[in-house]
Participant: 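Mind looking over this structure? Questions follow.
Every chain is numbered from 1, with letters handed out A, B, ... down the list of sequences.
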Amino acid sequence: MQTYQNLTMPTSDSLPQTVLTPLGGLSQSQVDDPTLKRTIRLAKNREAAQECRRKKKEYIKCLESRVAVLENQNLALIKELRSFKDLHCVKTG
DNA sequence: ACCTTCGCCCGTCAGCGGAT
DNA sequence: ATCCGCTGACGGGCGAAGGT
């Protein structure tokens, strides 16, 4: 998958590393505990969802600013086209 | 003061695709 | 085949704004 690529997706070094020390300090019996497994999975997914939403917002910001740029370019081109047309009318008219 | 509606955020689940 | 991360979808909570 990996959507939102291109269009500057900043990485999130700054985000807090909460809750999870990645299975480092866990005994085998702890790792096998389904309840603990679920807790860990939920916590990881919670963080993943937060990051995903942050990236999506950033992506939308990028798109919006790109729209603004393109709209300005479009206006400028329309303006230029008009002036060329005017020039042409003067010559032929 | 009390609803009601709207927009936003969050946590969770489900499903997909890549990595092993 | 299994694990894991990412992301769309869903439902719930909360505050703001507007109507009664």
Participant: If the cut-off is 4.0 Å, is A/K55 near the phosphate of C/dT7, judged by side-chain N/O to OP1 or OP2?
Facilitator: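 For C/dT7, OP1/OP2 do have a side-chain N/O of A/K55 under 4.0 Å.
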Participant: Answer yes or no: does a side-chain N or O of A/R38 lie under 4.0 Å from OP1 or OP2 of B/dC13?
Facilitator: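 Yes, such a contact exists.
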Participant: What is the distance from NZ of A/K44 to P of C/dG5, rounded to the nearest Å?
Facilitator: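 That distance rounds to 4 Å.
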Participant: Starting at CG of A/N45 and ending at C1' of C/dG5, how long is that distance when rounded to a whole Å?
Facilitator: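 In whole Å, C/dG5 C1' and A/N45 CG are 9 Å from each other.
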Participant: Atom CZ of A/R41 and atom P of B/dT12: how far apart are they, to the nearest Å?
Facilitator: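 Spelled out: CZ on A/R41 to P on B/dT12 is 10 Å.
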Participant: Evaluate the salt bridge (Lys or Arg N to Asp or Glu O under 4.0 Å) criterion for residues A/K44 and A/E47: first the C-alpha distance (whole Å), next the side-chain angles of each, then the deciding distance (0.1 Å), finally the verdict.
Facilitator: CA-CA 5 Å; A/K44 280 188 176 180; A/E47 284 200 47; over 6 Å; no
Participant: Identify, with sequence neighbours excluded, every residue that meets side chain to side chain contact (heavy atoms under 4.5 Å, CB included) alongside A/R38.
Facilitator: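 Partners of A/R38 under the side chain to side chain contact (heavy atoms under 4.5 Å, CB included) test: A/R41, A/L42.
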Participant: Which heavy atom in A/C62 sits nearest to a heavy atom in A/S65, and how many Å separate them?
Facilitator: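 Heavy atoms only, the tightest pair is O-OG, 3.0 Å.
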Participant: For residues 83-93 of chain A, please give each side-chain donor-acceptor pair under 3.5 Å, one per line with the distance, not counting sequence neighbours.
Facilitator:
| residue | atom | partner | partner atom | Å |
| --- | --- | --- | --- | --- |
| A/S83 | OG | A/E80 | O | 2.7 |
| A/T92 | OG1 | A/H88 | O | 3.0 |

Participant: Give the dot-bracket line for DNA chain C from 5' end to 3' end: parentheses for intra-strand Watson-Crick or G-U pairs under 3.5 Å, square brackets for crossings, | for inter-strand pairing, dots for unpaired.
Facilitator: ||||||||||||||||||||
Participant: Restricting both atoms to N or O, compile the protein contacts to nucleotides 1-3 of chain C shorter than 3.5 Å, with distance only.
Facilitator:
none

Participant: Please list, chain by chain and in numerical order, all residues satisfying side chain to side chain contact (heavy atoms under 4.5 Å, CB included) with A/Q73, sequence neighbours excluded.
Facilitator: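 Residues passing side chain to side chain contact (heavy atoms under 4.5 Å, CB included) with A/Q73: A/V69, A/L70.
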Participant: Whether A/E64 and A/K61 form a salt bridge (side-chain N of Lys/Arg under 4.0 Å from carboxylate O of Asp/Glu) is what I want to check.
Facilitator: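 Between A/E64 and A/K61 there is no salt bridge, as every charged N stays at least 4.0 Å from the carboxylate O atoms.
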Participant: Could you state the OH-C1' distance from A/Y59 to C/dG8, rounded to the nearest angstrom?
Facilitator: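 A/Y59 atom OH is separated from C/dG8 atom C1' by 15 Å.
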Participant: Restricting to nitrogen or oxygen on both sides, can you table the protein-nucleotides 6-10 of chain B pairs closer than 3.5 Å?
Facilitator:
| residue | atom | partner | partner atom | Å |
| --- | --- | --- | --- | --- |
| B/dC9 | OP1 | A/K57 | NZ | 2.5 |
| B/dC9 | OP2 | A/K57 | NZ | 3.2 |

